[in-house]
Amino acid sequence: MSEPTRTDAAPEFNDEDFMRRAMELASRAEEAGEVPVGAVVVYQGRVVGEGWNRSITQHDATAHAEIMALRQAGQVLQNYRLIDATLYVTLEPCPMCAGAMVHSRIGKVVFGAHDLKTGAAGSIMNLLSYEQVNHHVLIESGVLADECRHQLQAFFKRRRAEKKAEKKARQQAADKSS
């Protein structure tokens with residue numbers, strides 16, 4: 001895992017630095033044909049978990065970027081409770097990932113783009129601060145939002161164009177065989 005580290009001689013990293021790392025991880029997902037979402041878990045200024053979407057390649061509906069990063073952070077810290085850790089993710093968490101954050105006791109989530117279809121950190125619902133849950137996660141939204149949104153929109157635009165081209169090629173092949 002390549003990670004920014006903090007020492008006394010190194011400058012402190014900020015939210016944008018960690019979000020840029022999450023965007024790099026999102027690019028890995030896109031290269032594999034996955035929706036480009038990346039996530040980074042930071043504890044005491046050090047990256048302890050990284051993830052990117054792998055649901056398609058791993059045939060696993062739970063293989064979202066956040067879940068992958070939380071799993072790795074738990075292994076690195078040898079504790080599923082990630083109290084005082086911050087999770088950076090390029091897209092607002094879905095209900096599954098928000099639930100995992102509550103169960104992991106993550107301290108804070110920082111996300112880039114809002115998800116107006118399944119966002120569970122304020123856009124559609126807010127499971128991270130739901131009154132009846134036993135742990136509330138601090139939320140910061142909009143960090144590099146334009147860049148994160150553009151990364152997702154470019155992916156879906158390209159994917160729609162590819163599907164349209166495939167459909168046209170199939171139609172042309174069918175026309176030739178008739």
Side-chain angles (χ1 to χ4, degrees), residues 1-6 13-26 28-30 32 34-145 148-149 151-152:
M1 166 175 43
S2 68
E3 60 186 62
T5 56
R6 188 170 82 189
F13 292 94
N14 64 33
D15 289 346
E16 288 187 7
D17 295 326
F18 292 119
M19 188 62 74
R20 288 190 199 290
R21 178 61 185 153
M23 291 179 70
E24 290 171 11
L25 297 169
R28 285 192 191 178
E30 184 170 6
E34 301 271 1
V35 175
V37 177
V40 176
V41 176
V42 176
Y43 179 72
Q44 295 181 346
R46 180 173 72 100
V47 173
V48 294
E50 295 184 331
W52 56 93
N53 275 358
R54 297 184 229 177
S55 295
I56 297 167
T57 54
Q58 292 191 0
H59 311 288
D60 180 356
T62 68
H64 286 197
E66 300 97 318
I67 301 294
M68 305 307 282
L70 290 169
R71 287 176 182 161
Q72 187 177 58
Q75 291 298 309
V76 168
L77 297 175
Q78 290 293 288
N79 193 341
Y80 79 94
R81 290 184 174 202
L82 303 174
I83 298 166
D84 297 328
T86 299
L87 188 144
Y88 294 84
V89 61
T90 57
L91 180 65
E92 181 179 1
C94 71
M96 174 185 68
C97 293
M101 289 176 211
V102 169
H103 285 291
S104 74
R105 313 298 198 275
I106 199 96
K108 181 178 180 181
V109 63
V110 177
F111 69 88
H114 285 271
D115 184 344
L116 302 178
K117 292 185 179 182
T118 64
S123 290
I124 300 300
M125 64 190 84
N126 188 347
L127 296 178
L128 298 174
S129 308
Y130 188 67
E131 190 175 314
Q132 280 74 28
V133 297
N134 61 337
H135 175 75
H136 295 163
V137 179
L138 296 174
I139 302 166
E140 182 176 342
S141 63
V143 174
L144 299 180
C148 292
R149 185 174 33 263
Q151 187 177 36
L152 285 156

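What you see is a predicted model, and the numbers here were worked out from it, not measured in a lab. Position 1 is the first residue of the sequence; numbering continues from there.
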Note to self: I need the single residue from Arg21, Glu24, Met19 that forms a side chain to side chain contact (heavy atoms under 4.5 Å, CB included) with Val40. Which is it?
What the structure shows: Arg21

Item checked: Side-chain touch Ser123/Leu116, heavy atoms, less than 4.5 angstrom -> yes

Next item on the list: Scan for side-chain hydrogen bond (donor to acceptor under 3.5 Å, both in side chains) pairs involving residues 77-86, sequence neighbours excluded, and state none if there are none.
Entry: none

Notebook entry, point to check: With sequence neighbours left out, what residues match His135 under side-chain contact (heavy atoms from CB on, under 4.5 Å)?
Noted result: Val102, Arg105, Val137

Next item on the list: State, to 0.1 Å, how close Gly45 and Phe18 come at their nearest heavy-atom pair, and which atoms those are.
Entry: O-CZ, 4.1 Å

Next item on the list: Might you point out which heavy atoms bring Ala120 and Ala98 nearest each other, and give the distance in Å?
Entry: CB-CB, 3.9 Å

Notebook entry, point to check: Distance-only, no hydrogens or angles: does the Thr90 side chain make a donor-acceptor pair with backbone N or O of Met23 under 3.5 Å?
Noted result: no

Notebook entry, point to check: Any side-chain heavy atom of Asp15 within less than 4.5 Å of one from Leu144?
Noted result: no

Next item on the list: Report the distance from atom CG of Leu91 to atom NE2 of His64, rounding to the nearest 0.5 Å.
Entry: 10.0 Å

Checklist line | pair Pro95-Met125: side-chain heavy atoms closer than 4.5 Å | finding: yes

Check: Is any side-chain heavy atom of Gln72 closer than 4.5 Å to a side-chain heavy atom of Val48?
Finding: no

Next item on the list: Identify which one of Glu34, Arg28, Met68 satisfies the side chain to side chain contact (heavy atoms under 4.5 Å, CB included) criterion when paired with Asn53.
Entry: Glu34

Check: Can you tell me how far the CG atom of Asp115 sits from the OG atom of Ser141, to the nearest 0.5 Å?
Finding: 13.0 Å

Item checked: Gap separating the OH atom of Tyr88 from the CG atom of Asp17, nearest 0.5 angstrom -> 9.0 Å

Margin query: Given 3.5 Å as the limit, does a donor-acceptor pair link the side chain of Glu92 with the main chain of Gly122, or not?
Written below: yes

Check: Counting only heavy atoms not in Glu131, do more than 12 sit closer than 6.0 Å to its CD atom?
Finding: no

Margin query: Quick check: closest heavy atoms across Ser55 and Ala61, and the distance to 0.1 Å?
Written below: OG-O, 3.8 Å

Margin query: To check you understand the geometry: which heavy-atom pair defines the closest contact between Glu66 and Met101, and what is its length?
Written below: CG-CE, 3.8 Å

Checklist line | Chi angles and distances behind the side chain to side chain contact (heavy atoms under 4.5 Å, CB included) call for Arg46, Val76 | finding: CA-CA 11 Å; Arg46 180 173 72 100; Val76 168; 4.1 Å; yes

Check: What's the spacing between Ile106 CD1 and Tyr43 OH if we round to 0.5 Å?
Finding: 11.0 Å

Margin query: Quick one: does any side-chain atom of Glu30 pair with a main-chain N or O of Pro36 as donor and acceptor, under 3.5 Å?
Written below: no

Item checked: Any Ile124 side-chain heavy atom under 4.5 Å of Thr118 side chain -> no

Next item on the list: Over all heavy atoms of both residues, which pair between Cys97 and Ile67 is shortest? Give the atoms and the distance, please.
Entry: SG-CG1, 3.9 Å

Item checked: Distance-minimising heavy-atom pair for Asn126 and Leu128 -> OD1-N, 3.0 Å

Next item on the list: Answer yes or no: is there a side-chain heavy-atom contact under 4.5 Å between Leu127 and Val133?
Entry: no

Item checked: Check: Gln151 side chain, Ala26 main-chain N or O, donor-acceptor pair, under 3.5 Å -> no

